Amino acid sequence: EYSDGYYKITIGWLLVCLLTMATQILIVSVIIRACIAKSNACIEHPISIADRWTLRLSKASAVVVAGTFMGRELMDSVNFAMIGELLEAGRGRETAISCTTRILTTVLIAV
């Protein structure tokens, strides 16, 4: 169980998870910086009632969809932790670190 190949696979998977999280953090930071740069532009004419409701409904739809995806990611992390505990002889460090990085990434994206 604790052979050379075992450590290569477990540490390799952990590195894949950490690199994925780093890539997601990079993408989110680029998007946030782009939104901050564009947020200073104001609309120079008044918005009609139809446009205002369209904007509000699209925002509400985006929040619902994003919340659904975040909930799915959190449930996937819990499922991953439970399967890891069932398949391993107890709680493994790799599973705990992977779940923690997944949950932190989800929380970071939500904030």
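Quick caveat, the model's predicted, so the values are computed rather than measured.
- Applying the side chain to side chain contact (heavy atoms under 4.5 Å, CB included) criterion to Thr20, with sequence neighbours excluded, gives Val16, Gln24.
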Counting only pairs under 3.5 Å, give me each side-chain donor-acceptor contact of residues 68-83, with atom names and distances, residues two or more places apart or in other chains.
from, atom 1, to, atom 2, distance (Å)
Thr68, OG1, Val64, O, 2.8
Ser77, OG, Glu73, O, 3.1

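- Leu26 contributes atom CG, which lies 12.0 Å from atom CG of Leu19 (distance to the nearest 0.5 angstrom).
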Report all side-chain donor-acceptor pairs from residues 52-61 shorter than 3.5 Å, counting only partners two or more places apart or in another chain.
from, atom 1, to, atom 2, distance (Å)
Thr54, OG1, Ala50, O, 2.7
Ser58, OG, Thr54, O, 3.2
Ser58, OG, Leu55, O, 2.9
Ser61, OG, Leu57, O, 2.9

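- For Leu15, the CG atom is densely surrounded, since the number of other residues' heavy atoms within 6.0 Å is greater than 12.
- Note that the CG atom of Leu14 and the OG1 atom of Thr101 stand 7.0 Å from one another [nearest 0.5 Å].
- Here the CD1-CD1 distance, from Ile97 to Ile11, works out to 9.5 Å after rounding to the nearest 0.5 Å.
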